Amino acid sequence: MKIASWNVNSLNVRLPHLEQWLAAARPDVVALQETKLEDARFPDAALAALGYRSVFSGQKTYNGVAILSRMDASGGGALEDVQVGIPGFEDEQKRVLAATVNGVRIVDVYVVNGQSVGSDKYAYKLRWLEALHGWLTDELRRHPGLVLLGDFNIAPDERDVHDPLQWNEDHILTSRAERDALDRLHALGLHDAFRLLNPDARMFSWWDYRQAAFRRELGLRIDLTLVSEALRARLAGAGIDREPRTWERPSDHAPAWVELAV
DNA sequence: ATGGTTGGAGCCCAA
């Protein structure tokens, strides 16, 4: 079971890329972020034509998440027990969507960016991460086999940044408080699949559009796939697919994926 | 060097 995450930075613009990538990579489940589409405009018919069911929670201009699931020959791959948002956490911003596919709980997150350390948005990011942690504590009791994936807007450690001096513990996306919040998610038994299988790899998932960052390999690994303790024994592979970042008019993020053995 | 690029809205904001 191949489960992927991709921040598409506008599904309206990136639908052709998503279609091309689905046809080539054939993931069973895909968690999307930054769809930037109201639900009425979500291209569910186009995705169904490629064999994918979809659930989505979007808004105009900003944010927006979706989960796609590939229909198999016997009509499987249903998206069940769909949850929109973090229960009990009031938020206008559409950043969280969960569903169960073939017995695996999929939790898709578009974590708050936070802008800069000390800003109002940074405070919102830390509040938001605390609410996510509280909910996942309960969610893991209900669904021990869980994959938490998405754009975390946090680079876990030095191996995940091109320049640790610039991306230091006072900088947004790498600050001590953000990494502490990620560590609290790890403490729930949610393991970073990519890092577990590739302890020494320097591979990024996001490159700024500016300063030719992709060409110069000035990236960060902020798109993560975390697997619960109960799924750890099934972990068969994890990676980042850089290729779509080389295509014309790309998203600034590359898809990150994890493979679970049946 | 406090820069630059993209997307979406609407004559700037978020990333």
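Each chain gets a letter, A, B and so on, in the order its sequence line appears, and its residues count up from 1. As the structure is a computational prediction, the values presented were derived from the model and not from experiment.
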Separation of atom CG in A:Leu218 from atom C1' in B:dT5, rounded to whole Å: 14 Å

Value in whole Å for how far the C1' atom of B:dT6 lies from CH2 of A:Trp207: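 The answer, rounded to whole Å, is 16 Å.
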
Map A:Lys60 and A:Ala212 onto DNA chain B by nearest heavy atom, then report which one ends up closer to the 5' terminus. A:Ala212

For the [atom1] atoms, the ones on [N] and on [M], what distance do you get once it is rounded to whole angstrom?
{"N": "B:dA15", "M": "B:dG3", "atom1": "C1'", "answer": "16 Å"}
{"N": "B:dC11", "M": "B:dA1", "atom1": "C1'", "answer": "29 Å"}
{"N": "B:dG10", "M": "B:dA14", "atom1": "C1'", "answer": "15 Å"}
{"N": "B:dA9", "M": "B:dC13", "atom1": "P", "answer": "16 Å"}

Pick out which of A:Asn63, A:Asn9, A:Asp108, A:Asp151 makes a side-chain hydrogen bond (donor to acceptor under 3.5 Å, both in side chains) with A:Gln33.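 It is A:Asp108; the other options fail the test.
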
Please determine whether a side-chain nitrogen or oxygen atom of A:Arg14 lies at a distance below 4.0 Å from atom OP1 or OP2 of B:dT6.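 No, because none of the side-chain N or O atoms of A:Arg14 sits under 4.0 Å from OP1 or OP2 of B:dT6.
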
What I want to find out is whether A:Asp192 reaches A:Arg221 closely enough, with some N-O distance under 4.0 Å, to be called a salt bridge. yes

Checking A:Arg142 now: which residues fulfil side-chain contact (heavy atoms from CB on, under 4.5 Å) with it, not counting sequence neighbours? A:Trp135, A:Asp138, A:Glu139

Between A:Phe204 and A:Trp207, how do the two ring planes meet: parallel, tilted or perpendicular, split at 30° and 60°? perpendicular

Could you label the plane-to-plane angle of the A:Trp206 and A:His253 rings as parallel, tilted or perpendicular, counting under 30° as parallel and over 60° as perpendicular? tilted

Using a 4.5 Å cut-off between side-chain heavy atoms of Ile, Leu, Val, Met, Phe, Trp and Tyr, which other residues end up in the same hydrophobic cluster as A:Met203?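 Grouped by the 4.5 Å side-chain rule, A:Phe194, A:Ile240 form the rest of the cluster around A:Met203.
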
Identify the pairs formed between an N or O of the protein and an N or O of nucleotides 12-15 of chain B at a distance under 3.5 Å, and give each distance.
| residue | atom | partner | partner atom | Å |
| --- | --- | --- | --- | --- |
| B:dA14 | OP2 | A:Lys121 | NZ | 3.2 |
| B:dA14 | O5' | A:Lys121 | NZ | 3.4 |

